[in-house]
Amino acid sequence: MNRKQPLAVIVGPTAGGKTAIAVELAKRLGGEVISADSVAVYTGLDIGSAKPTKAERQGIPHHMIDCADPAESFTVSDYQQRARAAIEGVHSRGNLPILAGGTGLYVNAVISDLGFTDAGRDEAFRLEWVKRERELPGSAYAALEKADQKRAKELHRNDFQRVLRALEVFHLTGRPMSEQNGDFQKSESPYRLAVAGLTMPRELLYARIEQRVDQMLSNGLVLEVQGLLDAGLDPNAPSLQGLGYKEIIAYLAGKQTLEQAVELIRQNTRRFAKRQLTWFRRDARTVWFDVSECSKPALADRIEDFFEHALQ
RNA sequence: GCCUCGGUAGCUCAGUCGGUAGAGCAAGGGACUGAAAAUCCCUGUGUCGGUGGUUCGAUUCCACUCUGAGGCA
């Protein structure tokens, strides 16, 4: 009987120390890092995404970083395919893949048996509905109630982004989205899994976020954004809707002061970290490690121990 | 020194013709299947500045007091 391949996973809120611990464990366990970060996939978005530098990577191979053009939109489904291929590559080299990142949906797309429908995107269809919704708010949800009652019940009528996607799937396939997607909470993982969650007291996390934002600024975040815009990147591109980018763009457009932009980045990052915690807490497979409870080497010891036992 | 207007949720304020109070923002919690760093939902007990007085009952009225802003000397 074929045994599933092992996959070590490190999740947690932004600025929580995932990168450093992932590299440390890769060194100890003979691993390679698979990033699970929806912004670090884009080339050129380096500072704002806190992409690990060459020095921080310490010679450990990192996958799923710089693999998409920021002018194009990169989706979960793209991520799933390519990340799984990357993991297979790591296995074929006899190494341990370490999936590390804070984008919950991306992590789930890899570690759960999450099957995406074949339906891609239909931009014309989307534009049409955006227009209709503006003219008659609530019409998209009303249409979904007719097309896919089950999905409509799962969604809130105001969650236009999801309502629209469900409509799009029905439009492209002629079948309700709710019939095409399994319940990923109940699905079995394709891998032998060990999921470590990094956590710390909220107060400490927020202090670290503040530090990180200051660091990004002194590393030249404003110049990075200016450079991307100068290179012709559309400020409305999905890649630039990320934290830190949209606020700086608003500053460069003269819509707010730099101080306001920075304060907004801090606040939005705190909120984002909160949402990340909500996501990872929900997954019962996550085993939590409090970073503030011990020294860095001791933390690495504990997680190394956990991975070794859980992945046996 | 005198006069006026304030002191109510972490912040800015509303309100109670006397029956112990509510908005916005902040914050917290939750959801999450092709934009996910996105999108969306839910959540308001606080010595009503302090001490006395009147009253069945005071955050509300009265007195004193502390404190902030402005004005007059």
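Just so we're clear, the structure is a prediction, and the values are computed from it rather than from any experiment. Note: hydrogens, waters and symmetry copies are ignored here, and every other heavy atom, side chains too, is used. Below, chains carry the letters A, B, ... as their sequence lines are ordered, and counting in each starts from 1.
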Exercise. Is A:Phe74 touching bases, backbone alone, or none of the nucleic acid, heavy atoms closer than 4.0 Å?
Worked result: sugar-phosphate
Seminar exercise, completed: Rounded to whole Å, the CZ-P distance (A:Arg126 to B:A38) equals 17 Å
Seminar exercise, completed: Per atom distances to the A:Thr117 side chain, the nearest of B:A37, B:G34, B:G28 is B:G34
Exercise. Under 4.0 angstrom, heavy atoms only, what part of the nucleic acid is A:Ser73 near: base, sugar-phosphate, or nothing?
Worked result: nothing
For this session: Between B:A37, B:A31, B:A27, spot the one nearest the side chain of A:Ser49, thanks.
Result: B:A37
Exercise. Does anything in residues 60-118 of chain A pair up under ring-ring contact (aromatic ring centres under 6.0 Å, His included), and if so which pairs, sequence neighbours excluded?
Worked result: A:Tyr79-A:Tyr106
Problem set entry | C1' atoms of B:C62 and B:A27, separation to the nearest Å | 39 Å
Exercise. Base, sugar-phosphate, or nothing: which does A:Gly244 touch, judged by heavy atoms less than 4.0 Å apart?
Worked result: nothing
Problem set entry | Distance in angstrom units between A:Arg281 CZ and B:A31 P, rounded | 9 Å
Exercise. So which heavy atom on A:Thr14 is nearest to which on A:Ala273, and how close?
Worked result: CG2-CB, 4.2 Å
For this session: For residues 234-277 of chain A, pull every pair meeting ring-ring contact (aromatic ring centres under 6.0 Å, His included), keeping only residues two or more places apart or in separate chains.
Result: none
Problem set entry | Test applied, side-chain contact (heavy atoms from CB on, under 4.5 Å); reference residue, A:Arg192; option that passes from A:Arg3, A:Gln5, A:Gln312 | A:Arg3
Seminar exercise, completed: Between CG of A:Asp78 and P of B:A36 the distance, given in whole Å, is 10 Å
For this session: For A:Ala119, report the nucleic acid contact type (base, sugar-phosphate, nothing); a contact means any heavy atom under 4.0 Å.
Result: base
For this session: Whole angstrom is fine here: how far is it from CG in A:Leu277 over to P in B:A36?
Result: 20 Å
Exercise. Can a donor-acceptor pair under 3.5 Å be found between the side-chain atoms of A:Asn268 and the base atoms of B:A37?
Worked result: no
For this session: Would you indicate whether A:Gln226, at its atom CD, is surrounded by more than 12 heavy atoms from other residues, nucleotides or ligands within a distance under 6.0 Å?
Result: yes
For this session: Can you tell me, in whole Å, how much space there is between the C1' of B:U59 and that of B:C13?
Result: 16 Å
For this session: Give a yes or no on whether a salt bridge exists between A:Arg93 and A:Glu32, defined as a side-chain N under 4.0 angstrom from a carboxylate O.
Result: yes
Exercise. Is there a donor-acceptor contact under 3.5 Å linking the side chains of A:Arg285 and A:Ser112?
Worked result: yes
Exercise. Looking only at atom P, what distance separates B:A14 and B:G24, rounded to whole Å?
Worked result: 16 Å
For this session: Remember a base hit wins even if backbone is also touched, and classify A:Asp118 as base, sugar-phosphate or nothing at under 4.0 Å, heavy atoms.
Result: base
For this session: Can you tell me the distance, in whole Å, between the CD atom of A:Gln276 and the P atom of B:G28?
Result: 14 Å
Exercise. Rounded to whole angstroms, how far apart are NZ on A:Lys274 and C1' on B:G30?
Worked result: 8 Å
For this session: Test A:Glu154 against A:Ser178 for side chain to side chain donor-acceptor pair (under 3.5 Å), laying out the working first.
Result: CA-CA 9 Å; A:Glu154 289 166 353; A:Ser178 55; over 6 Å; no
Exercise. Can you find a side chain N or O atom of A:Thr103 that sits less than 4.0 Å from OP1 or OP2 on B:A37?
Worked result: yes
When you compare the protein's N or O atoms with those of nucleotides 39-42 of chain B, which come within less than 3.5 Å of each other, and at what distance?
| residue | atom | partner | partner atom | Å |
| --- | --- | --- | --- | --- |
| B:U39 | O4' | A:Gln161 | OE1 | 3.1 |
| B:U39 | O2' | A:Asp159 | OD1 | 2.5 |
| B:U39 | O2 | A:Arg162 | NH1 | 2.7 |
| B:C41 | OP1 | A:Asn158 | ND2 | 2.7 |

Exercise. Distance between the P atoms of B:G44 and B:U65, in whole angstroms?
Worked result: 41 Å
Exercise. Is the distance from OP1 or OP2 of B:G29 to the nearest side-chain N or O of A:Thr278 less than 4.0 Å?
Worked result: no
Exercise. Quick one: A:Tyr106 OH to B:A37 C1', roughly how many Å, whole number?
Worked result: 10 Å
Problem set entry | Intra- and interstrand pairs of RNA chain B - dot-bracket, Watson-Crick/G-U under 3.5 Å, | marks other strand | (((((((..((((.....[..)))).(((((.......))))).....(((((..]....)))))))))))).
Problem set entry | Phosphate contact (B:A38 OP1 or OP2) by A:Tyr245 side-chain N/O below 4.0 Å | no
Exercise. Would you say A:Arg271 reaches B:A26's phosphate, i.e. side-chain N/O to OP1/OP2 under 4.0 Å?
Worked result: yes
Seminar exercise, completed: When A:Arg270 and A:Leu164 are each assigned the nearest nucleotide of RNA chain B, the 5'-most assignment goes to A:Arg270
Exercise. When rounded to the nearest Å, what value does the distance between P atoms of B:G28 and B:G22 take?
Worked result: 23 Å
Seminar exercise, completed: A:Leu243 has its side chain closest, among B:A38, B:G34, B:A36, to B:A38
Exercise. Is it true that A:Arg302 and A:Asp290 make a salt bridge, defined as a side-chain N closer than 4.0 Å to a carboxylate O?
Worked result: no
For this session: Go through the structure and list residues passing side-chain contact (heavy atoms from CB on, under 4.5 Å) with A:Gln215, not counting sequence neighbours.
Result: A:Ser218, A:Asn219
For this session: Could you work out the separation of B:U20 and B:U60 based on their C1' atoms and round it to a whole Å?
Result: 11 Å
Exercise. Between A:Thr173 and A:Gln180, does any side-chain donor sit less than 3.5 Å from a side-chain acceptor?
Worked result: yes
Exercise. Counting any heavy atom closer than 4.0 Å, what does A:Gln267 reach on the DNA or RNA strands: base, sugar-phosphate only, or nothing?
Worked result: sugar-phosphate
Exercise. Hey, does A:Tyr141 reach any base, or is it just sugar-phosphate, or nothing, if we go heavy atoms under 4.0 Å?
Worked result: nothing
Problem set entry | Nucleotide B:A36, atom P - distance to CG of A:Leu114 in whole Å | 15 Å
Exercise. Reckon A:Val39 touches a base, only the sugar-phosphate, or nothing at all at heavy-atom distances under 4.0 Å?
Worked result: base
Problem set entry | A:Thr199 vs A:Arg281, side chain to side chain donor-acceptor pair (under 3.5 Å): CA-CA, chis, key distance, verdict | CA-CA 10 Å; A:Thr199 186; A:Arg281 270 193 296 236; over 6 Å; no
Problem set entry | Pairwise P distance, B:C61 and B:G1 [rounded to whole Å] | 26 Å
For this session: Look at all strands and tell whether A:Arg151 reaches a base, only sugar-phosphate, or nothing, counting heavy atoms closer than 4.0 Å.
Result: sugar-phosphate
Problem set entry | Residue mapping more 5' on RNA chain B - nearest nucleotide basis, A:Ser239 or A:Phe280 | A:Phe280
Exercise. Do any pairs count as a ring-ring contact (aromatic ring centres under 6.0 Å, His included) and have a residue in residues 145-170 of chain A, sequence neighbours left out, and if so which ones?
Worked result: none
Problem set entry | Distance between P atoms of B:U16 and B:A26 (Å, rounded) | 28 Å
